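Data first, discussion second: the structure below is written as structure tokens.
Note on naming: letters A, B, ... go to the chains in the order of the sequence lines (proteins, then strands), and numbering restarts at 1 for each one. For clarity, every value in this text was computed on a predicted model and none was experimentally measured. Note: hydrogens, waters and symmetry copies are ignored here, and every other heavy atom, side chains too, is used.
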Number of protein chains: 2
Amino acid sequence: MDTRQLKTLVAISTQGTFARAADIVALTPSAVSQQIQALEQELNTELFERTSRPPKLTPHGLQVLEMAKDMLRLEEDTKASLRGDRIAGTLMLGSVRSSALNLLPKAILRMRNLYPDLKTNLRVSLSSTLISDVAAGRLDAAIVAEHLGFPPALRWSPFLREPLWLIAPEGTDITDPIRLLNSRPYIRFRSAVPLANLIDTEISRLGVVPQDIAEIDTIGSIVTCVRQGMGISVVPHVALQEPEDDRLTRLPFGSPQITRQIGIVERIVSPRGEIIAHMHEVLAELCREHGVRREVSTSATVMSR
Amino acid sequence: MDTRQLKTLVAISTQGTFARAADIVALTPSAVSQQIQALEQELNTELFERTSRPPKLTPHGLQVLEMAKDMLRLEEDTKASLRGDRIAGTLMLGSVRSSALNLLPKAILRMRNLYPDLKTNLRVSLSSTLISDVAAGRLDAAIVAEHLGFPPALRWSPFLREPLWLIAPEGTDITDPIRLLNSRPYIRFRSAVPLANLIDTEISRLGVVPQDIAEIDTIGSIVTCVRQGMGISVVPHVALQEPEDDRLTRLPFGSPQITRQIGIVERIVSPRGEIIAHMHEVLAELCREHGVRREVSTSATVMSR
DNA sequence: TCTTATATTAAGAAATACTGGATATATTGA
DNA sequence: TCAATATATCCAGTATTTCTTAATATAAGA
């Protein structure tokens with residue numbers, strides 16, 4: 001698969017005909033036809049319905065078109081980042097939703113004392129997406145939980161260590177947690193992060209067989225679903241900061257209670273290293289007794305080997 | 001850029017040397033070296049530090065490696081979807097965070113009456129990512145707000161129409177909304193969705209110059225930041241369902257109050273069309289007075305032209 | 001310092017991509 | 001309904017790119 005073929009496909013979709021697309025990609029219509037045929041052969045599916053003129057994209061063709069757009073965007077974004085194209089003065093920051101997001105408004109307000117002209121572009125997404133975007137240069141840094149194996153261009157520094165809780169809807173009888181896990185509908189945290197594995201591993205160790213009702217990939221959404229009475233689950237402490245979370249029944253998960261860490265991930269070589277170091281300091285302060293100070297060396301990098 | 005080059009780059013990163021990578025990609029070491037040089041020429045940057053053996057990826061090289069992995073994953077996911085590889089019996093559903101997510105637990109529980117073996121894999125992400133994933137076949141459907149121009153392979157059916165509110169921290173004096181917008185720190189909703197444009201357009205129409213303090217791309221995060229006292233913003237009704245949101249000061253946004261719609265987006269050709277139609281029905285019922293019934297024809301498709 | 005392993009260079013072979021011209025097919029207008 | 005027009009495909013030849021082979025250069029280890 002060649003990005004030139006993908007550009008041709010996108011050109012056909014915008015121009016309407018192979019002939020006009022040929023002008024756009026500086027090829028002959030014959031070459032355009034051959035490129036599409038090569039793509040169809042590689043994917044083993046027809047991308048165009050050819051009984052009409054001009055040919056019309058099939059449903060599979062439309063899917064491949066979306067993939068093409070995504071891939072070309074990745075290519076262009078990476079090229080822009082390598083060229084050093086950036087909005088001056090804006091910190092591109094990412095965060096997962098249900099961790100330290102409640103801390104960020106205070107942190108950003110405090111940061112303005114040090115950097116009065118600092119403007120923050122905050123994108124909330126999933127750990128895996130955020131890490132990928134930091135690695136690819138689309139974000140300067142992101143707040144994510146501990147991962148097994150960050151990309152080698154990145155380093156992760158924890159600023160929060162928090163305990164895990166087994167949570168159930170208000171009024172649930174929790175005298176026997178093992179029976180609870182075996183009988184109540186279980187909302188499984190499904191995500192490519194160590195926390196999900198940590199929870200699954202401990203549940204396997206307990207020898208229970210949870211009755212899965214759903215797999216959800218964000219902690220905040222899981223808390224919302226438990227609150228709505230859907231079932232029980234396991235979540236970290238910081239996800240339970242809302243006043244009505246006090247009404248959820250909760251039990252320490254693991255004995256001793258299991259903890260996990262939240263930190264900042266950034267590129268090792270970054271023009272915003274100083275700002276990010278300060279952000280880390282501010283966030284650790286805001287975590288009070290759960291706060292973790294940054295160490296002098298990039299110890300997380302050492303540990304992740 | 002050719003996916004064969006990207007596979008080579010990934011192989012070098014996992015195997016450690018050009019020579020061993022050559023075995024993996026079934027080429028000679030010379031061809032591997034030439035592929036990497038071609039990539040470096042296209043990107044106009046060095047990907048490897050060559051003063052050591054084996055050569056070591058530069059920071060730019062590591063960024064390109066991440067892009068390569070992302071692109072190859074897109075390619076593989078699309079190929080798998082085209083082949084029809086799917087987990088049997090699981091509904092791959094996406095949702096934005098702060099819209100109808102509160103409705104989903106009830107909806108999923110009700111759906112189990114009709115489909116007792118239905119299992120739902122719920123992924124919470126951003127509108128643009130969700131739409132892209134539905135188009136590319138990674139999700140069966142997603143709950144997103146109205147967009148200008150869905151990909152042509154998709155159709156969107158609204159089930160909720162809700163009003164917008166100007167919100168401020170508890171205790172804010174809101175007798176003069178124009179002065180408020182001109183003076184208080186403003187948290188701008190920045191996202192590639194019509195709602196963001198709708199809000200920006202109305203604010204321009206009002207002739208105010210907001211004092212931006214942050215740009216955030218998720219509504220739930222904006223509400224969280226307003227609650228924490230960071231500033232004011234404009235959000236839709238459903239984002240204000242939590243009990244402590246009652247403490248926020250709010251004002252109808254626009255005169256008459258502006259509304260926006262939430263719906264389900266799905267592929268026009270989908271094996272789960274029936275299940276998704278039922279999900280739409282259940283969600284519209286759960287919205288009560290704000291619910292929107294699905295029309296007989298794919299009217300949204302017509303309207304989006 | 002010498003040997004070994006790996007990467008690069010140069011030249012040629014093999015494979016692929018593209019052009020040009022002819023043909024096929026769909027659409028449009030008379 | 002038929003002819004004209006526009007567009008896509010097929011086929012063969014040419015141009016370009018990719019890969020292999022052999023020789024050379026470079027780094028690392030004994």
With salt bridge (Lys or Arg N to Asp or Glu O under 4.0 Å) as the test, would you mind laying out the steps for A:K69 and A:E66 before giving the verdict?
-> CA-CA 5 Å; A:K69 287 174 178 174; A:E66 289 312 305; 3.7 Å; yes
Examine D:dA27: is either OP1 or OP2 under 4.0 Å from a nitrogen or oxygen in the side chain of B:S52? Give yes or no.
-> no
Give the rounded distance in Å between these two atoms: NZ of B:K7 and C1' of D:dT18.
-> 16 Å
Salt-bridge test for B:R161 and B:E146: reply yes if a basic N is under 4.0 Å from a carboxylate O, no otherwise.
-> no
Report which part of the nucleic acid B:A19 touches: base, sugar-phosphate, or nothing (heavy-atom distance under 4.0 Å, all strands).
-> sugar-phosphate
Length of the CZ-C1' vector between B:R20 and C:dA7, whole Å = 14 Å
Please give, in whole Å, the distance from D:dT21 P to B:L27 CG?
-> 12 Å
Ignoring backbone atoms, establish whether B:Q35 has a side-chain N or O less than 4.0 Å from OP1 or OP2 of D:dC19.
-> yes
Answer with base, sugar-phosphate or nothing: what part of the nucleic acid does A:T28 contact at a heavy-atom distance below 4.0 Å?
-> base
Rounded to whole angstrom units, what separation is found between the CZ atom of B:F18 and the P atom of C:dA5?
-> 19 Å
Between B:D2 (CG) and C:dA17 (C1'), how many Å, whole number?
-> 12 Å
How many Å lie between CD on B:E49 and P on C:dT6, as a whole number?
-> 19 Å
Examine the base of C:dT16 for any acceptor or donor lying under 3.5 Å from a partner atom in the side chain of A:Q34, and report the outcome as yes or no.
-> no
Is the shortest side-chain N/O distance from A:Q37 to OP1 or OP2 of D:dC10 below 4.0 Å?
-> yes
So, B:E75 and B:R4, do they make that salt bridge, N to O below 4.0 Å?
-> no
Residue met sooner reading DNA chain C from 5', once B:G16 and A:R53 are mapped to nucleotides | B:G16
Interatomic distance, A:Q5 CD vs D:dT17 P [rounded to whole Å] = 15 Å
Between A:S157 and A:H280, is any side-chain donor less than 3.5 angstrom from a side-chain acceptor?
-> no
Consider the side chain of A:T17, meaning its heavy atoms from C-beta on, and name the nucleotide among D:dA8, D:dC19, C:dT8 that approaches it most closely.
-> D:dA8
Is the shortest distance from a Lys or Arg side-chain nitrogen in A:D70 or A:R73 to a carboxylate oxygen in the other one below 4.0 Å?
-> yes
Which whole-number value in Å describes the distance from B:K56 NZ to C:dA7 P?
-> 16 Å
Touch check for B:S30, heavy atoms < 4.0 angstrom, all strands: base, sugar-phosphate only, or nothing?
-> base
